[in-house]
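Contents: one structure, followed by commentary.
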Amino acid sequence: RHAIGAGKAQERTLAGAATRLGRLEAATQREVTILQGRVAAAQSDLDAAQAAQARTATALAAARARVSRLRLRLGEVRARLGEVLRSSYMGDQPDLITVVLDAHGFEQLLETVSFLQTVQRRDTEILDLARRARRDAGHEQRVLAVLEARRRAQVAVVLRRRNALASIAAGLRARRDALAQARAARLALLSRVRARRVQAEKTLTRLLAARERAALVPGPGGPWAIP
């Protein structure tokens, strides 16, 4: 009977411990669920930040290539304009006196002078246009470089946040699993203790029944024997 009483007390202790562990496990699981949602949101933010950085990096590479092409184009235009100017001063292009002497009338004179001025003005305009295009492309390149650096830094911040949340979630999952294992161990021990107690109760019941039967068996002198 003492063993049975001790077994019942141990059962109560183990059942209480298993209940407390179950509550802790459930609470931890709720925290894990919350953290997993935050990790998923952080991963979504990270994906968006990385995509934005990739787009900016692509645009920056294109801007740098455009600046290089415009730099070459500007060099070509400068070389061409230089050739035009040298030709004008070295006699390859007719000067104003030659134009006047060779002109067959005032209208032709005006057309010839206007043509020479148009050629020089057009080349100058092309040079100015190339300069402006290179300046604008250079400005775009600088803006994109700053933006790409900012987005790269943003990716690093979001990545650290995602990793921190994932680490916390992993720690909570490990705690939840440890609580589940401890609860399972208490329940397994409770099952063994209960089985032993039930077996002890059955044994005690058999012993008591045997004693009662033995008490009912009459002695050698019969139930009316006088001692």
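Note that the structure is a prediction, hence the values are computed from the model and not measured.
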For A59 and L144 the tightest heavy-atom approach is O-CD1, 3.5 Å
Does either side chain, that of D47 or that of Q43, offer a donor lying less than 3.5 Å from an acceptor on the other one? yes
Excluding L24, membership of its hydrophobic cluster (Ile, Leu, Val, Met, Phe, Trp, Tyr; side-chain heavy atoms within less than 4.5 Å) reads L21, L179
Show every donor-acceptor pair shorter than 3.5 Å between a side-chain atom in residues 145-159 and any protein atom, with sequence neighbours excluded, or say none if there are none.
from	atom 1	to	atom 2	distance (Å)
E148	OE1	R152	NH1	2.3
E148	OE2	R152	NH1	2.9
R151	NH1	A52	O	3.4
R151	NH1	T56	OG1	2.4

For the atom pair NZ (K8) and OG1 (T13), what is the distance rounded to the nearest 0.5 Å? 14.5 Å
Would a distance-only check, ignoring hydrogens and angles, find a side-chain to backbone donor-acceptor pair under 3.5 Å from S167 to N163? no
Kindly state each residue pair satisfying salt bridge (charged side-chain N to carboxylate O under 4.0 Å, His left out) with at least one member in residues 154-176, sequence neighbours excluded. none
How close do A166 and V39 get, counting heavy atoms only, and between which atoms? N-CG2, 3.6 Å
Measure from the side-chain N and O atoms of T58 to the backbone N and O of A54, and report whether any donor-acceptor pair falls under 3.5 Å. yes
What residue among Q29, R30, E31 forms side-chain hydrogen bond (donor to acceptor under 3.5 Å, both in side chains) with T33? Q29
Quick one: OG1 on T19 to CZ on R186, what's the gap to the nearest 0.5 Å? 12.0 Å
Working to the nearest 0.5 Å, report the span between CZ of R192 and CG of L187. 11.0 Å
Say you draw a straight line from CG of D45 to CZ of R38; how long is it, rounded to the nearest 0.5 Å? 13.5 Å
Between R23 and R20, is there a side-chain heavy-atom distance shorter than 4.5 Å? yes
Interatomic distance, CD1@I168 vs CD@Q36, rounded to 0.5 Å, equals 13.0 Å
